[in-house]
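Following: one structure in structure tokens, then a few remarks.
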Amino acid sequence: MAAMCARYSLARTDAALADLFGVPELASVPPREMIYPTQDVPVVVEGPRGVRRLGSRRWGLVPHWADDPTIGQKMLNARSETVAEKPSFRRAFAARRCLVPADGFFEWLKDGKARIPHRFARADGRAFAFAGIWERWGGRGGNEAPPHGSGAGDDAALETVAILTTLPNETVAPVHDRMPVILPETAWGPWLDPENRDTAALAALLVPFAAAPLSCMRLR
DNA sequence: CCAGACGTTGTT
DNA sequence: GTCTGG
DNA sequence: CCAGACGTTGTT
DNA sequence: GTCTGG
């Protein structure tokens, strides 16, 4: 079956990410050629005064009301078409948007019984950013703590993230009918701004990335 | 009205 | 916590 | 929200 | 047509 954004890569050093996103370095972001759901992944979040930071979130969003955090295992992606309304996602969409740095993502082409992996990346090799939303679950401070983890007052809180999806562009369409939302640099500001309540403007950012800058490599 | 879901389409 | 399905 | 009931306990 | 049960 066709894949979705259930695998991506980030083989960048922490320093390179810090440079690309203009944020202080995190302690350690190990380069990875293949990132899986439930792993901790780096994200870029923005605080009150426009201060951006690298953070870490578990991939697979656990809604604030969840009784059992294993529900996050199936919340890898959020459809951009419905993310503003879905009970599981709308709070995160309204208040906790982030960027998820990547330098490639994988989709599987269904060919009869076979599934052939493809890797998509920027032709120029640069890293890019998925649109993400994140949530905080459990811990001591409830769910309304400040947007930077590892801060004070949220012992044992689990911070999780989901990657938004949209229709495929012309590069991806031959392989799969969905693709992750990749935000161009011009969209990073409005997407990250926690004060941005213009949901129509936000939704307008969630469109297929331009086809031309993306390359597709058939693997195997 | 209550019970059950709450998501996407996904290869650890 | 809120919506949906029955 | 939709499907299904919607009545009584009775000699035409 | 409206209420109830699920």
Side-chain angles (χ1 to χ4, degrees), chain A residues 1-11 30-42 56-98 100 102 104-121 130-145 154 157-169 171-182 199 203 206-209 216-220:
Chain A
M1 25 251 60
M4 201 13 273
C5 196
R7 299 288 186 275
Y8 70 96
S9 61
L10 183 60
R32 279 171 286 176
E33 296 293 343
M34 185 74 87
I35 293 175
Y36 304 90
T38 73
Q39 292 184 329
D40 290 329
V41 301
S56 182
R57 301 288 185 278
R58 181 169 300 179
W59 186 12
L61 187 143
V62 178
H64 65 96
W65 43 257
D67 296 319
D68 177 358
T70 60
I71 192 173
Q73 292 172 180
K74 50 184 177 182
M75 305 285 194
L76 320 184
N77 300 127
R79 293 174 64 89
S80 53
E81 296 90 335
T82 54
V83 67
E85 284 82 43
K86 290 287 183 183
S88 295
F89 297 139
R90 60 187 175 196
R91 282 168 50 130
F93 173 75
R96 286 179 291 279
R97 296 174 300 274
C98 63
V100 183
F105 62 95
F106 300 88
E107 304 288 356
W108 277 257
L109 174 65
K110 188 177 180 180
D111 179 19
K113 217 182 157 184
R115 282 171 292 173
I116 304 159
H118 291 67
R119 181 172 189 271
F120 296 87
F130 297 135
I133 56 175
W134 69 275
E135 187 56 271
R136 172 177 289 117
W137 180 86
R140 224 136 287 249
N143 296 298
E144 302 305 333
D154 55 302
L158 178 63
E159 295 182 325
T160 57
V161 63
I163 294 170
L164 276 64
T165 65
T166 184
L167 293 171
N169 64 21
T171 306
V172 177
V175 176
H176 189 50
D177 62 355
R178 300 292 288 174
M179 72 179 286
V181 174
I182 297 171
T199 49
L206 305 177
V207 296
F209 191 62
C216 172
M217 175 183 287
R218 178 183 168 130
L219 307 173
R220 197 169 56 154

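Heavy atoms only: backbone and side chains are in, while hydrogens, waters and symmetry mates are out. Here the structure is a predicted model, which means the values were calculated and not measured. Letters go in sequence order (proteins before strands), and every chain restarts at 1.
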Exercise for the section: Identify whether any heavy atom of A:P117 sits under 4.0 Å from a base atom; if not, whether one sits that close to sugar-phosphate; answer base, sugar-phosphate or nothing. Expected result: nothing

Handout entry: Whole-Å distance separating the CZ atom of A:F130 from the C1' atom of B:dT8
Key = 16 Å

Completion exercise
Hits for ring pair (Phe, Tyr, Trp, His ring centres under 6.0 Å) against A:Y8, two or more places apart or cross-chain, chain-then-number order -> A:W59, A:F130

Handout entry: N or O in side chain of A:R178 less than 4.0 angstrom from B:dT9 OP1/OP2
Key = yes

Practice task
Start with the C-alpha gap between A:T160 and A:R58, add the side-chain angles, then the distance that decides, and say whether side-chain hydrogen bond (donor to acceptor under 3.5 Å, both in side chains) holds.
Solution key: CA-CA 4 Å; A:T160 57; A:R58 181 169 300 179; over 6 Å; no

Handout entry: E:dG5 and B:dC2, which share atom name P, separated by this distance in whole Å
Key = 11 Å

Completion exercise
Applying the Watson-Crick and G-U criteria (both distances under 3.5 angstrom) with [ ] for crossing and | for other-strand pairs, one obtains for DNA chain D ||||||......

Problem - Ion pair A:R136/A:E159, N-O distance below 4.0 Å - result: yes

Fill in the blank from the handout: Whichever of A:R79 and A:Y36 has the more 5' nearest nucleotide on DNA chain B, that residue is A:R79

Fill in the blank from the handout: Smallest heavy-atom separation, A:P180 atom then A:T166 atom, equals O-CG2, 4.5 Å

Exercise for the section: Write down the distance between CE (A:M75) and C1' (B:dT9), rounded to a whole number of angstrom. Expected result: 14 Å

Fill in the blank from the handout: Closest non-hydrogen contact found for A:V175 with A:C216 is CG2-SG, 4.4 Å

Handout entry: Close side-chain approach of A:F120 to A:N169, heavy-atom, < 4.5 Å
Key = no

Exercise for the section: May I ask you to test the A:S9-A:R32 pair for a side-chain heavy-atom distance under 4.5 Å? Expected result: no

Handout entry: Name of the residue among A:R57, A:R96, A:H64 meeting side chain to side chain donor-acceptor pair (under 3.5 Å) with A:E135
Key = A:R96

Problem - A:D68 CG to B:dG7 P, straight-line distance once rounded to whole Å - result: 16 Å

Exercise for the section: Send over the distance from A:E135 CD to B:dG7 C1', rounded to a whole Å. Expected result: 15 Å

Fill in the blank from the handout: Of A:Q39 and A:K74, the one whose closest nucleotide on DNA chain B sits nearer the 5' end is A:K74

Practice task
Can you tell me, in whole Å, how much space there is between the P of B:dC6 and that of E:dG1?
Solution key: 35 Å

Practice task
Rounded to the nearest angstrom, tell me the gap between atom CH2 in A:W59 and atom P in B:dG7.
Solution key: 18 Å

Practice task
Would you kindly give the CG-to-C1' distance between A:N77 and B:dG7, to the nearest whole Å?
Solution key: 9 Å

Practice task
Determine, for A:E81 against A:R178, whether the closest basic-nitrogen to carboxylate-oxygen distance falls under 4.0 angstrom.
Solution key: yes

Practice task
Scan nucleotides 1-6 of chain C nucleotide by nucleotide, 5' to 3', and note B when protein non-hydrogen atoms come under 4.0 Å of the base, S if they reach only the sugar-phosphate, - if neither.
Solution key: BSS---

Practice task
Tell me what A:A162 touches on the nucleic acid: a base, only sugar-phosphate, or nothing, going by heavy atoms under 4.0 Å.
Solution key: nothing

Problem - Same-atom distance (P) from E:dC3 to B:dA3, integer angstrom - result: 23 Å

Exercise for the section: Assign the ring pair A:W108 / A:F106 to parallel, tilted or perpendicular, where the plane angle (0 to 90°) is split at 30° and 60°. Expected result: tilted

Handout entry: Short side-chain N/O contact from A:K86 to OP1 or OP2 of B:dC6, under 4.0 Å
Key = no

